[in-house]
Amino acid sequence: MEYKFTDIEGKWKKIWEENAVYKVTEDASKPKYYVLDMFPYPSGAGLHVGHPLGYVASDIYARYKRLKGFNVLHPMGWDAFGLPAEQYAIETGTHPALTTDVAIKRYRQQMDKIGFSFDWSREVRTCEPDYYKWTQWIFLKLYGSWYNTETNKAEPIETLIAKFSANSDWNTKTEGEKQRELMNHRLAFQSYSEVNWCAALGTVLANDEIKDGKSERGGHPIERRKMRQWFLRITEYSDRLLDGLDKLDWSDAMKEMQRNWIGRSEGALIKFEVQSSKIKVEQPLEVFTTSPDTIFGATFMVIAAEHELVEALTTPEQKAEVEKYIAYVKSRTDVERQQEKKVTGVFTGSYAVNSFNNENIPVYIAEYVLGGYGTGAIMAVPADDERDRKFAEKFGLKVVEVIDKSMYPGATIEDKLGKMINSDFVNGMEVKDAIKAVIAEVEKRGIGEKKVNYKQRDAGYSRQRYWGEPFPIQYKVVGEIDPPFEGGETDDIPVPLSADKLPLILPEVSSYKPSGDGRAPLANSEEWVKNGYETDTMPGYAASSWYFLRYMDPKNKNEFAAKDKIEYWQNVDIYFGGAEHAVGHLLYSRFWNMFLYDLGLVPFEEPFKKLVNQGMIQGRSSFVYRVAARVTQSKLDNIESDEYESPAIFVTREIYDRFKENALTPNDIASIKAKEEEANALLNGKGIDGSFKLTEPLSIIMLNEYAHNFDDERLVVDLFKVNDVKKSRCGNSNSLFVANENGDCLTTREVEKMSKSKYNVVNPDDVIEKYGADCFRMFEMFLGPIEQSKPWDDKGISGVSNFLRKFWRLFYDDKGWKVSDAEPSGAEYKVLHKTIKKIAEDIERLNFNTSVSAFMIATNELGGLNSSKKKILEPLLICLAPFAPFITEELWSALGNKGSIHTAAYPKVEEKYLTESEFDYPVSINGKVRAQVKLSLDLTAQEVEKQVLELEKIKQYTNGAAPKKFIFVKGKIINVVV
RNA sequence: GCCGAAGUGGCGGAAUUGGUAGACGCGCACGACUCAAAAUCGUGUAUCGCAAGGUGUGUGGGUUCGAUUCCCACCUUCGGUACCA
């Protein structure tokens with residue numbers, strides 16, 4: 001009988017659904033286990049083969065835990081708010097809710113085919129009012145709380161008001177003054193920060209939407225602009241977020257990234273007096289430094305372009321140059337500023353006084369100093385900091401060596417090691433003592449203090465977008481009695497909605513575009529504005545910061561989740577998701593959970609005990625590179641923003657590289673020439689004027705990997721798509737490609753992230769149709785270690801497909817059912833128990849790729865033994881069930897079992913079949929294997945040495961003499977050193 | 001730039017605690033079955049060498065009886081870098 005996966009999979013999917021096999025309820029009689037996946041953003045492109053990698057792994061794990069007797073919570077839902085749906089809405093006018101709904105249905109269909117054991121009755125959608133009601137509710141809690149550093153936890157703002165009330169000042173304040181003071185303490189608060197403002201698009205852009213300082217869409221200029229924004233005071237939790245990491249079963253890499261992100265550093269704040277020949281500046285310049293010991297080497301200062309003293313410090317002579325530089329910096333994102341290899345900066349014209357040696361040191365502005373970190377100003381020590389050194393070299397500034405590292409060979413500039421030199425009273429001290437001594441001196445002089453600084457900033461919580469949670473906030477004008485917020489032009493104060501008014505439903509708007517005046521699209525709703533509601537919405541991470549709690553009680557109307565249910569399920573035992581969330585989602589959700597813990601709303605401080613980061617499955621994109629195009633003169637003059645209207649010639653990367661190096665081979669030239677003639681013929685036919693030029697700028701277009709023949713209609717269509725999507729400046733339907741003799745377009749293939757925009761997506765549906773879901777699941781696991789990124793390549797899938805059919809043939813052959821009830825041999829039992837053990841160990845360790853090989857080995861061995869015995873195959877089937885739920889269910893029922901295999905018990909290993917009495921030792925001479933010898937495992941080291949030295953092969957090397965050394969590792973290896 | 005990770009045959013990868021490098025699979029080659037093909041089964045397959053033997057886990061060094069594994073320096077690729085999700 002043949003293995004017909006389509007029939008089998010269709011049949012069992014239906015039965016599982018009808019019997020709600022995967023529905024789970026709280027059951028005190030069983031230990032609980034919570035297996036969670038990072039929920040997906042349902043994009044319009046549907047699932048590609050990369051998405052299910054983690055889901056298959058978690059599904060195997062969840063199924064395994066069920067077989068092991070756990071009550072497993074394994075839910076799935078949708079992170080449904082997001083920019084792509086909004087972008088699509090702007091382009092097409094379709095409501096994001098519709099787009100999202102369609103996308104979710106598509107994802108769900110695709111997921112169902114794969115045979116996941118999710119309890120879909122617990123599905124959540126973050127864009128539904130039932131869900132975001134509670135996101136808003138938690139926001140109100142954050143707004144209504146402050147962080148008490150004495151109790152070291154969040155408390156209701158009322159306890160702070162009570163503290164303030166004890167102070168008579170407080171009661172004399174106006175309501176506006178009180179609110180403004182409270183705003184400085186609330187965990188959700190408003191402040192000002194810089195954003196990427198694009199005037200042409202009338203909107204704020206994510207760094208992601210900016211390429212080379214211009215908007216990705218349209219290439220418009222960007223400037224940094226200050227805006228009033230909501231923030232979450234995550235920095236109050238920095239120490240707890242840092243300390244909590246120690247208790248988590250996460251990879252060291254992941255913990256390290258969070259530690260570095262929080263970036264706790266101990267150092268000092270030091271004030272420098274400023275002198276200026278033209279202006280008298282009263283305010284000192286305050287810096288944060290982690291190396292106060294190097295103060296005698298501070299030969300200049302650098303401030304950020306957004307520093308408040310920039311204007312005051314700039315002398316009239318330097319004014320023009322400073323303004324020019326600031327305009328340049330404003331056009332760049334923080335990432336670009338730090339990435340910049342070129343050293344840039346400008347002198348303000350002013351000097352500060354290094355009060356430790358009374359030297360006047362120049363004050364510069366440079367982009368490598370960021371406004372948001374520390375005080376936005378540094379004392380530059382070119383002797384002890386790489387960037388400062390480069391800056392000093394470029395601007396010809398003095399370098400004074402202050403640390404002698406000669407007694408620490410190998411110590412780098414970053415290591416805080418060495419003895420102080422050229423440093424007055426700290427000369428001769430070790431660095432760590434000098435740090436203490438300088439801080440003590442700074443404090444004595446009253447010009448600074450010891451300070452712990454964090455790189456982490458408070459989390460921006462406002463987005464000028466439509467498709468997100470509305471803030472449950474109304475602005476009330478306080479007018480004359482309320483002085484405006486610092487630096488702000490508004491005179492209104494935010495007033496929270498009461499909890500019983502939630503959810504505050506996202507309104508319909510006339511346009512999804514921003515209002516144009518800098519306000520978000522919600523300002524397009526008259527009703528909304530009339531009510532004074534906040535027009536910003538919450539960011540993407542809001543909903544995902546707590547969704548794992550909602551799964552415990554997804555339908556609850558009165559609470560985000562009932563206490564007893566949270567009490568039962570507790571925190572997530574194992575969390576599967578991408579490493580790209582290391583410092584975003586995984587930090588925010590830990591923070592939210594700690595906050596809820598402080599308020600007594602959840603009984604655990606950390607949400608995710610164990611974390612598994614699955615790698616990304618990459619796609620193979622095909623590229624071609626432009627080497628020539630016919631352009632008109634006007635186009636040539638403005639080559640940057642050009643869209644070529646006439647043929648361009650595309651070649652492979654190799655040819656392009658040779659072209660750039662002026663090293664084209666005769667072959668290359670011939671193929672380009674041929675295309676050139678083709679291009680000219682095309683042009684003449686259309687009467688287009690222009691000259692054919694070899695073009696310099698590197699241009700790349702991507703081709704659909706399946707589009708080979710460029711004469712084919714399909715490729716032309718795809719090229720149009722490429723141009724539309726990428727706003728490509730290099731190709732059109734007349735583009736010409738260097739091809740091989742078959743007419744296949746020659747491309748360069750590169751491995752990169754799988755994405756619709758790169759035309760390298762492989763759809764799991766196609767794979768499942770061809771090979772079945774069980775095969776798809778096992779192949780995804782067989783590709784490699786779960787944590788590793790790897791390119792998709794379906795070449796190897798036939799191996800897994802062969803395995804499943806071979807496995808099937810242990811049960812059925814041409815004549816039909818062949819499983820017998822006979823007693824298996826010891827060899828057969830050995831195969832079984834070896835496999836049971838290996839699979840259980842591999843799953844616990846998440847080595848799913850090697851478990852697939854173990855199944856292959858077992859099947860090959862049983863096939864070799866011609867073994868088809870129920871006592872072997874039945875337990876083996878249970879081991880395979882988590883990996884291949886369909887085929888195992890079918891064979892389980894064929895064996896005569898009534899219930900589902902997925903509710904069976906994992907078989908027990910019987911060690912008696914596995915114990916060995918002998919081992920075939922490799923014997924090496926000086927580390928090289930020269931002989932094999934089978935020895936009993938009971939022998940003592942002396943007996944082994946005696947026997948090994950007797951071996952003819954070994955005697956050849958020892959010449960009968962005693963070896964220098966004899967190494968015997970029981971059960972592993974023997975090494976003879978001669 | 002900064003933070004994190006990875007690099008092993010033609011390809012995906014294995015080697016779990018420093019102990020036989022290349023399990024398992026793909027591909028390829030040869031063979032069996034077949035009128036033939038598909039499917040299936042079998043044998044071989046890191047590399048140089050006729051062989052003995054040598055070389056080999058990104059590069060260069062080091063520690064060790066023994067290093068893919070530990071240490072130092074470097075190269076390349078990927079992820080993150082605060083408004084993509």
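What you see is a predicted model; the values in this text were computed from it and never measured. Each chain gets a letter, A, B and so on, in the order the sequences are listed, and its residues count up from 1.
- Between A/Arg809 and A/Thr859 the shortest side-chain heavy-atom distance does not fall below 4.5 Å.
- Comparing the P positions of B/C72 and B/A5 gives a spacing of 13 Å, expressed to the nearest Å.
- Legend: salt bridge (Lys or Arg N to Asp or Glu O under 4.0 Å) pairs involving residues 845-861 of chain A, not counting sequence neighbours, sorted by first then second residue: A/Lys834-A/Glu861.
- Partners of A/Arg233 under the side chain to side chain donor-acceptor pair (under 3.5 Å) rule, at least two apart in sequence or in another chain, do not exist in this structure.
- Between A/Glu367 and A/Arg224 no salt bridge is recorded (no basic side-chain N to carboxylate O distance below 4.0 Å).
- Residues that satisfy the ring pair (Phe, Tyr, Trp, His ring centres under 6.0 Å) test with A/Phe779, not counting sequence neighbours, are A/Trp792.
- When the C1' atom is compared between B/U47 and B/G9, the two are found 9 Å apart, to the nearest whole Å.
- Taking atom C1' on both nucleotides, B/C75 is separated from B/G61 by 15 Å, rounded to a whole Å.
- Partners of A/Glu945 by side chain to side chain donor-acceptor pair (under 3.5 Å), not counting sequence neighbours: none found.
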Reading nucleotides 80-85 of chain B from 5' to 3' and marking B where a protein heavy atom lies under 4.0 Å of the base, S where only the sugar-phosphate is that close, and - otherwise, the string is SSBBBB
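- B/U68 and B/U63 are spaced 16 Å apart, taking the P atom of each and rounding to whole Å.
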Mind listing the N/O atom pairs, protein and nucleotides 64-67 of chain B, below 3.5 Å?
| unit_1 | atom_1 | unit_2 | atom_2 | d |
| --- | --- | --- | --- | --- |
| B/C65 | OP1 | A/Lys965 | NZ | 3.4 |
| B/C65 | O2' | A/Asn975 | ND2 | 3.4 |
| B/C65 | O2 | A/Asn975 | ND2 | 2.6 |

